[in-house]
Number of protein chains: 2
Amino acid sequence: MSEQATTPNRHLTSKEHLRLWLRLLRTTRRVEADLRERLRLQFNTTLPRFDVMAALSRHPDGLKMNELSQQLKVSNGNVTGIISRLVEDGWVERIAIEGDRRATRVLLTAAGNQQFHHMAQAHEHWVDELFSSLSGQETHHMNELFAHLPTEAGPEPDSPAPDNQGELR
Amino acid sequence: MSEQATTPNRHLTSKEHLRLWLRLLRTTRRVEADLRERLRLQFNTTLPRFDVMAALSRHPDGLKMNELSQQLKVSNGNVTGIISRLVEDGWVERIAIEGDRRATRVLLTAAGNQQFHHMAQAHEHWVDELFSSLSGQETHHMNELFAHLPTEAGPEPDSPAPDNQGELR
DNA sequence: GCATGAATGTTTAAGCTTGAAATACTTTCG
DNA sequence: CGAAAGTATTTCAAGCTTAAACATTCATGC
């Protein structure tokens, strides 16, 4: 488990890992900030709302609240608030589930679906711009390196089908 | 500018960029969630507090509020609240600046400095563990690829000295 | 001096986020 | 049946985050 071995390069590797993590974090924050601002200015919405709509757009029949929060890897209570606001805006609706009065199914309205497709198109273009300094080869290479990282849930080797995130279709 | 050229592979590159971004985002969120939980359980603190203390630890003479928020790339008002709580906890103190009654200088107390060094040591170890699946060479390679990305402020070619983030010393 | 604008911080309103507690419903099984 | 355990969701308290409004203080130029 990556014990503090007595090899002389332990220190260096650890520092390199730290450096990589800090870069990763800076880059992600910068891109996120950019996307957040554009979503606000051009669509008067937020990144969390966009993420929720993206998840719902991949499931035309809707998702239960708990499925949604698992997909987005955020807490249960968090989704409640975001969905409530999306419902107010008319982009999402809640539908009772037959035979289980505890659960509800949430899905995009027709208007929500249309709105999401507008946003997703812009979003893809923005991301393409932000990463434009990477060549196709570099992008591909980086994608492969990321496969080695703890991207998916770590200590759970039994996830049914992680499903591709975002609006990738 | 990455204009929508008429080359047949525009679509593919764009999709690859999007895929990379989503992976980046997933990875960052997962690592952040892990670090956040550990900071909470083992040190009863939060990631934002840790980030602020890391910035202050690199500046023993303290920083003005506005310098601090620039370093952390968060809004001005945000820092006010975090610093207030750190002051309550006794890790940070505010000191008036001679000759300018608008500004204050904030810096770690002796206790804060000591506490931060405990946390930083654990933090470096956690990150090393989380990235342990990357070889030294892969880590180095990835670090280089990141240099091509919009890590630093994009449209400002005149930043004085970005300074290394985190507790890297 | 003194008006005017810039700089520095705080406050505020709205929303996001978590973890824990509360609520409501369903299933299990004695 | 009925208690206990489990499931699905909301509510809650605390804290983070932003953008915008606000209050002070400083600097500049008449």
Side-chain angles (χ1 to χ4, degrees), chain A residues 25 28-30 32-53 55 62-89 91-92 94-106, chain B residues 25 28-30 32-53 55 62-89 91-92 94-106:
Chain A
L25 191 56
T28 303
R29 293 232 169 117
R30 171 142 161 61
E32 264 187 321
D34 191 295
L35 296 176
R36 182 172 359 98
E37 188 182 4
R38 298 203 205 211
L39 281 172
R40 182 176 63 88
L41 293 179
Q42 298 194 23
F43 294 104
N44 190 35
T45 190
T46 66
L47 214 38
R49 279 163 154 95
F50 179 78
D51 288 344
V52 166
M53 291 180 77
L63 286 169
K64 292 197 303 181
M65 292 298 280
N66 81 21
E67 294 170 337
L68 189 50
S69 63
Q70 275 170 20
Q71 286 235 353
L72 298 174
K73 297 189 177 78
V74 297
S75 70
N76 230 328
N78 187 353
V79 179
T80 299
I82 297 172
I83 288 291
S84 296
R85 283 178 285 270
L86 286 173
V87 168
E88 282 174 19
D89 293 348
W91 305 134
V92 167
R94 291 184 222 242
I95 295 188
I97 285 185
E98 289 282 318
D100 189 343
R101 283 182 299 178
R102 294 171 300 182
T104 36
R105 205 156 41 90
V106 290
Chain B
L25 191 56
T28 303
R29 293 225 170 125
R30 172 141 161 59
E32 263 187 321
D34 192 295
L35 296 177
R36 183 172 359 97
E37 187 182 5
R38 298 202 204 212
L39 281 173
R40 182 174 63 86
L41 294 178
Q42 297 194 24
F43 295 103
N44 191 35
T45 191
T46 67
L47 214 38
R49 276 163 156 95
F50 178 79
D51 288 344
V52 166
M53 291 181 76
L63 287 169
K64 292 196 302 181
M65 291 298 280
N66 113 23
E67 295 170 337
L68 189 50
S69 64
Q70 275 171 19
Q71 286 234 354
L72 298 174
K73 296 189 176 81
V74 298
S75 68
N76 228 328
N78 188 354
V79 179
T80 298
I82 296 173
I83 288 290
S84 295
R85 282 177 286 269
L86 286 174
V87 169
E88 283 174 18
D89 293 349
W91 306 134
V92 167
R94 292 185 223 241
I95 294 188
I97 286 186
E98 290 281 319
D100 189 342
R101 281 183 299 178
R102 294 171 301 182
T104 34
R105 206 156 40 90
V106 291

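A quick note: this is a predicted structure, and the numbers were derived from the prediction, not measured. Computed from heavy atoms alone, side chains included, the values below leave out hydrogens, waters and symmetry copies. Here is how names work: the chains are called A, B, and so on, in the same order as the sequence lines, proteins then strands, and each is numbered from 1.
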Please figure out whether A:Gly81 or B:Pro48 has its closest DNA chain D nucleotide nearer the 5' end.
-> A:Gly81
About how many Å separate OG1 of B:Thr104 and CE of B:Met65, when rounded to the nearest 0.5 Å?
-> 6.0 Å
Residues A:Pro48 and A:Ile82: closest non-hydrogen pair is CB-CD1, 3.8 Å
Starting from P on C:dG9, measure out to CE on B:Met65 and report it in whole angstrom.
-> 7 Å
Hey, could you give me the NZ/CG distance between B:Lys73 and B:Asp51, rounded to the nearest 0.5 Å?
-> 11.5 Å
CD1-NZ distance between A:Ile95 and A:Lys64, expressed to the nearest 0.5 angstrom | 15.0 Å
What are the two closest non-hydrogen atoms of A:Ser69 and A:Val79, and how far apart are they?
-> CB-CG2, 3.5 Å
Residue pair A:Leu68, A:Ile83: steps toward the side chain to side chain contact (heavy atoms under 4.5 Å, CB included) verdict = CA-CA 10 Å; A:Leu68 189 50; A:Ile83 288 291; 3.8 Å; yes
Provide, to the nearest angstrom, the distance between the CD1 atom belonging to A:Ile82 and the P atom belonging to C:dA14.
-> 18 Å
Could you tell me whether B:Leu47 contacts a base, only the sugar-phosphate backbone, or nothing, with contacts defined as non-hydrogen atoms closer than 4.0 Å?
-> nothing
Quick one: label A:Arg105 by what it contacts on the DNA or RNA (base, sugar-phosphate, nothing), any heavy atom closer than 4.0 Å.
-> nothing
Note: chain B reaches DNA chain D at heavy-atom distances under 4.0 Å over the stretch, first to last nt, 5' to 3', of D:dG15 to D:dC26
In the 5'-to-3' direction, what one-character label does each nucleotide of nucleotides 18-29 of chain C receive under the scheme B = base within less than 4.0 Å of a protein heavy atom, S = sugar-phosphate only, - = no such atom?
-> BS-----BS---
When all nucleic acid strands are considered with a 4.0 Å heavy-atom cut-off, which category describes A:Arg29: base, sugar-phosphate, or nothing?
-> nothing
Looking only at heavy atoms, what is the nearest atom pair of A:Arg94 and A:Thr80, with distance?
-> NH2-O, 4.2 Å
How long is the span from the CG atom in B:Leu72 to the CD atom in B:Glu67, to the nearest 0.5 Å?
-> 11.5 Å
Heavy atoms, side chains only, cut-off 4.5 Å: are A:Asp89 and A:Arg49 in contact?
-> yes
Examine C:dG9: is either OP1 or OP2 under 4.0 Å from a nitrogen or oxygen in the side chain of B:Lys64? Give yes or no.
-> no
Enumerate the residue pairs fulfilling salt bridge (charged side-chain N to carboxylate O under 4.0 Å, His left out) with a member in residues 77-86 of chain A, sequence neighbours excluded, ordered by first and then second residue.
-> none
Rounded distance in Å - CD1 (B:Ile97) to C1' (C:dA7) = 12 Å
List the atom of B:Ala55, the atom of B:Gln71, and the distance in Å for their closest heavy-atom pair.
-> CB-OE1, 4.5 Å
Could you check how far CG of A:Leu39 sits from P of C:dG15, rounded to whole Å?
-> 16 Å
Please write out the pairs of protein N or O atoms and N or O atoms of nucleotides 1-5 of chain C separated by less than 3.5 Å, giving the distance to one decimal.
none

Would you list the pairs meeting side-chain hydrogen bond (donor to acceptor under 3.5 Å, both in side chains) in which at least one residue belongs to residues 32-47 of chain B, sequence neighbours left out?
-> A:Arg29-B:Glu32, B:Asp34-B:Arg38
Divergence of helical axes at both termini of the helix from C:dG1-D:dC30 to C:dG30-D:dC1 - five pairs an end, 10° steps | 10°
